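See structure below.
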Number of protein chains: 2
Amino acid sequence: METRERLVESARELLWERGYVGTSPKAIQRRAQAGQGSMYHHFAGKRDLALEAIRRSAEKICAIAEECFATDGSAFERILSYLTRQRQVLRGCRLGRLTQDPDIMASPSLRQPVDEAFGWLQKRLAEIIVQGQAQGEFDSEMDATEVAAAITATVQGGYVLAKAAESEEPFHNAIRGVLSLLASRVIKAHK
Amino acid sequence: METRERLVESARELLWERGYVGTSPKAIQRRAQAGQGSMYHHFAGKRDLALEAIRRSAEKICAIAEECFATDGSAFERILSYLTRQRQVLRGCRLGRLTQDPDIMASPSLRQPVDEAFGWLQKRLAEIIVQGQAQGEFDSEMDATEVAAAITATVQGGYVLAKAAESEEPFHNAIRGVLSLLASRVIKAHK
DNA sequence: GTCTATAACGGGATAGAC
DNA sequence: GTCTATCCCGTTATAGAC
């Protein structure tokens, strides 16, 4: 891997592990096995490198989610596929953790990719719910936007509870909980 | 307010705003209008002061939740009271944000109060759900532990989504979403 | 109890040689 | 492109005077 690429990947890992405030350029360089000079040659500074790392993480997260959504199956099954996909629960969400970082939130350009990814995710889930309703699978009384937000929030909150407990259990409990609630809005008569 | 007390309250505010890694002793002193010497007289160091601040925040959060839970009303109404209580949504959760802090998670003593508070919250919600089931209010098929985790996670995740969007909307959407899902498990025949 | 001085260290970046 | 030297500042204390 070239130096530039190693720098971005190292930044992605450290942002995940320690956040923006907790990550120093020096730490990124060490992990990437690159010198000071290399980093400041390829990037204007810490912020610039972080921006690229965050953008890439946001793209990947959306791509992985879309893989789950694009499977064929009922709307419920597609949501199930997303909620039960493999995750490194105890490491948390690469994007969610950035929302707790004061420097990220203070910088519109750094916050933007995070905002867009969560916005896209909720919109996509809402679309799937609406499709399910159109096909008579889901109770049409359900507010798609609200339920989509609840699902997205459960995942993010699940990570928080898992970290607090240093255990994956509360995460999986939360996912099963929201899935069971959602399952009860599936129309029984549906095929 | 005495100096010691001002230091703890300042630490609470700064931990909320900037987290542990992002908060320096100097910043706490400035906010508390206390000198270096005062801080190191009353506390062994940054960690020691943070521990007291975190413990206090955990206690307060549990106390506020219990106020909501202790109101009379159905199980659903008590949960509703908790979920719709006044919150400073865009500032996030004092405890949830700490789970994203590498230094907090690396220190058992700093993590403990956070862990206990979330554990207590989930246990308490599960109890209320079980009570609701015993009284024929909630569908008895529901797994109380899982739904309690889902509710707790929705709140925490709602904060994350709100911060990302710099808007309270996704938080309130998520809360309404989980409430509507929960409402559909209330037995209609119940008085 | 509170103050100031001091210190060792790391963060974040610039400059210029190679 | 990458390296080393250098810089200024903030962090997290400790020491001792008042």
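We name chains A, B, ... by the order of the sequence lines, and we start the count at 1 in each one. Quick caveat: nothing in here was measured; it's all calculated off a predicted structure.
Closest to the side chain of A/H41, from the set C/dG12, D/dT11, D/dT2, is D/dT2.
Between A/K26 and C/dG10, a side-chain N or O to OP1/OP2 separation shorter than 4.0 Å is absent. Contact between the side-chain N/O atoms of B/H42 and the OP1/OP2 oxygens of C/dT2 is found at a separation under 4.0 Å. Put simply, B/T3 has a side-chain N or O that comes within less than 4.0 Å of OP1 or OP2 on C/dT2.
A heavy-atom distance below 4.5 Å is found between the side chains of A/V89 and A/H172.
Between A/R30 atom CZ and C/dG12 atom C1' the separation is 14 Å, expressed in whole Å. Remark: P of C/dG11 and CD1 of A/I28 are 11 Å apart, rounded to the nearest angstrom. In this structure, B/Q36 atom CD and C/dC3 atom C1' are separated by 10 Å, rounded to whole Å. The nearest whole Å value for the distance from the OH atom in B/Y40 to the P atom in D/dT12 is 7 Å. To the nearest angstrom, P of C/dT2 lies 13 Å from CD of B/Q33. Rounded to a whole Å, the CD atom of A/Q29 is 18 Å from the P atom of D/dG1. Taking atom NZ of B/K46 as the reference point, atom P of D/dA13 lies 8 Å away to the nearest angstrom. Atoms CG (A/L49) and P (C/dG12) sit 12 Å apart, rounded to a whole Å.
Projected onto DNA chain C by closest heavy-atom contact, A/G37 and A/P25 fall at different nucleotides, the more 5' of which corresponds to A/P25.
Screening A/R12, A/R4, A/R47 for a salt bridge (Lys or Arg N to Asp or Glu O under 4.0 Å) with A/E52, the sole residue that qualifies is A/R4.
Side chain to side chain, B/Q36 and B/Q29 meet the donor-acceptor criterion of an N or O pair below 3.5 Å. Under 3.5 Å, the side chains of A/S140 and A/Q133 contain no donor-acceptor pair of N or O atoms.
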